[in-house]
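This report refers to the structure that appears directly beneath it.
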Amino acid sequence: VNYSIILDAMDSSYKSHTELLYEMVVQRLIQDFQLIPQNVVNESNRRGEAERKAQLDAANKIRSFLRNQHAFPMQPGISLTPDTENVHHTLSMGHTVHKLSYNPNEDKIEVVQYYAKFAQEKLSNTYTYRYMLWTPLTQNYERLHQAFSKFSSGYLWNRLDNLICGDSEKTLSEDTRYRRLNFAIIPDQFRDTKQEQEYVQKFCRLLDYISKLPQEATYMQMNIKIRSSSDAQPEEPMKAGRPRGGSANSSRHFILQLRKGTREKHEWLDLVMENIFDTRRSYRIGINWLVANASKVEAQTQLLLRRCSQYGITIVSVPQYTSSNEIYLHPFIVPSMITVRERVKGSAIELALLNQFQFIHDGKRSVNSNGIESLPDFDFPIDRTGKVKNVRHYIHRTGIAFIRVMEDKKGYMAFFFVYNRLQVGHDDDSKLRARNIFNDLKTYATKVIAESIVITE
């Protein structure tokens, strides 16, 4: 596989091909490639040329003998003369080799990718590891499994290289394996509409601050829709990153420039904000980046957090596994589960999350069906992509716990409880508080399941 990148054809912020080539190498090193020293590449070329020349000499001798000593013309081999004009970088990872080169005469960067023919992602190259994991919340072992592939799946390096070069569509998608930080704004508790409007004003001040940040394009309208308790139901935003552009049903993406001067390296990040702000639910903000120094990302993040603190907005860090469509995304974090096999009682427990256990709405998302094998008697509605749609999410007001609620076609409900490791950390008091929340919820669920109840709004 090979392709070329011409800087002049892109709206690039790099000063030279050398700077862009350096960034392309860095992106591969981040994804576990190793840089092969040029002397090792030269030695490999010499050995290969010697072998090819020996094979060619033997073939020519045979042809000469068979054709009455009329030798065929010798085919030219690979020149071993060092190329002083071109800049080469060779990287490898497993059974994949990338060669990046810049030729100033043609003024372009060429990328050549080599893949071993046998290194294919086949079923025989996939292994399932089953294990038992101790869960502090339940004080018990949970049965889990993880799938491992001997060879990694294909990656669209062409897409990534054009993205960092200057592609105008800088919205990052999951297949680019970008780095990220996720946050959730926790709404205030209101006693009247006046306090609710004060909370809305705080958020508007935050939007005003973000709109004035140095963006790659000209000033962009925020276009965040604000809803309050006067509306019928909490409105859900579209999943982050889809679709792109200014659609009414999309998250808002703001490309922020991190370079402060022309001499500094080109760096940027993608600030992702939900397109709907509702005072009755959490509000998600994401900071995604590919081409950025960690210290600059940290500085930009701290500025955002300080602004939230200054405006009186409660914002907490949230891990990726709380919004991923994989229930068991983290191999060492397993959600604790409560199952209810009666719709009325399950609805009563879900209502208690809001009214009694201090949880709030955290949106609706899809979940892959391959993570629910532990519930064989449940019949979840699965779409053609293999996902369970409209799984309801809740976050605790302290930010230390999350719950997913999945409901099947028969009204059976499963509650997946997981704590926020970014908030809890190694603090024993926070761990105890998260455990108490789960235990209280489990006790309440057990009581509801055992009794006959009537739901009252």
Side-chain angles (χ1 to χ4, degrees), residues 133-140 142 144 179-189 234 236-237 239-240 272-274 278 280-288 297-298 301-302 304-306 308-309 313-338 349-350 352-354 356-368 371 391-406 414-442 444-445:
L133 182 67
W134 176 257
T135 308
L137 286 176
T138 60
Q139 297 292 296
N140 200 355
E142 299 287 346
L144 297 173
R179 276 75 69 194
R180 72 198 78 188
L181 293 171
N182 296 320
F183 301 92
I185 292 178
I186 307 297
D188 297 341
Q189 292 181 289
E236 305 299 339
K239 290 185 293 185
V272 184
M273 304 179 66
E274 290 180 331
D278 197 302
R280 294 157 294 178
R281 64 175 301 276
S282 65
Y283 183 81
R284 293 278 185 138
I285 297 177
I287 296 178
N288 307 331
V297 174
E298 174 67 15
T301 302
Q302 291 302 320
L304 175 65
L305 297 180
R306 281 199 293 268
C308 289
S309 177
I313 297 174
T314 302
I315 185 170
V316 297
S317 298
V318 293
Q320 175 64 14
Y321 59 76
T322 63
S323 58
S324 171
N325 55 19
E326 298 288 348
I327 295 180
Y328 300 101
L329 178 66
H330 199 295
F332 298 115
I333 296 179
V334 54
S336 301
M337 185 169 52
I338 300 173
I349 296 172
E350 186 173 6
L353 294 178
L354 302 172
Q356 183 173 336
F357 291 97
Q358 296 294 304
F359 281 87
I360 57 175
H361 292 285
D362 191 34
K364 294 179 181 179
R365 301 176 183 88
S366 301
V367 171
N368 284 339
V391 176
R392 300 180 290 276
H393 288 59
Y394 297 89
I395 180 175
H396 197 265
R397 283 195 171 274
T398 61
I400 65 173
F402 303 86
I403 290 180
R404 300 184 195 225
V405 180
M406 298 178 62
F415 296 78
F416 295 88
F417 183 100
V418 65
Y419 69 88
N420 185 351
R421 62 182 179 85
L422 299 180
Q423 290 293 109
V424 173
H426 299 288
D427 182 43
D428 292 336
D429 291 339
S430 297
K431 290 181 181 179
L432 179 61
R433 185 173 185 181
R435 188 181 305 134
N436 288 339
I437 293 173
F438 174 75
N439 289 336
D440 291 345
L441 177 61
K442 187 176 181 179
Y444 178 83

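Values below: every heavy atom of this structure, side chains too, minus hydrogens, waters and symmetry copies.
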Next on the checklist: Quick one, F415 with E350, criterion side chain to side chain contact (heavy atoms under 4.5 Å, CB included). Give me CA distance, side-chain angles, the key distance, then yes/no.
Outcome noted: CA-CA 9 Å; F415 296 78; E350 186 173 6; 4.1 Å; yes

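Taking all atoms of both residues into account, the shortest heavy-atom contact from I186 to R397 is CG2-O, 3.6 Å. Pairing each heavy atom of V316 with each of G399, the nearest pair is CG2-CA, 4.3 Å. Across S336 and T138, no two heavy atoms sit closer than the pair OG-CG2, 3.4 Å. Closest approach of F359 to I403, counting heavy atoms only: CZ-CD1, 3.6 Å.
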Just list the side-chain donor-acceptor pairs under 3.5 Å for residues 430-438, sequence neighbours left out, or say none.
from : atom 1 : to   : atom 2 : distance (Å)
S430 : OG     : D427 : OD2    : 2.6
R435 : NE     : P136 : O      : 3.3
N436 : ND2    : L432 : O      : 3.3

Please table the atom pairs, donor to acceptor, closer than 3.5 Å between any side-chain atom in residues 325-334 and protein atoms at least two apart or in another chain.
from : atom 1 : to   : atom 2 : distance (Å)
E326 : OE2    : N368 : ND2    : 2.4
H330 : ND1    : F332 : N      : 3.1

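Taking S317 as the reference, F183, L422, Q423 meet the side chain to side chain contact (heavy atoms under 4.5 Å, CB included) condition, with sequence neighbours excluded.
Using a 4.5 Å heavy-atom cutoff, the side chains of S323 and V318 are not in contact. Taking the side chain as every heavy atom from C-beta outward, Q358 and Q189 approach each other to under 4.5 Å. Considering only heavy atoms from C-beta on, M273 comes within 4.5 Å of Y283 through its side chain. R180 has its side chain within reach of N288: a pair of non-hydrogen atoms, C-beta onward, lies under 4.5 Å apart. Under the 4.5 Å side-chain criterion, counting only non-hydrogen atoms from C-beta, I395 is in contact with I360. Within the 4.5 Å cutoff, side-chain heavy atoms of F357 are placed close to those of D440.
Taking the six-membered ring for Trp and the full ring otherwise, the centers of Y394 and H361 sit less than 6.0 Å from each other.
The CD1 atom of I185 lies 11.0 Å from the CZ atom of R281; values are rounded to the nearest 0.5 Å.
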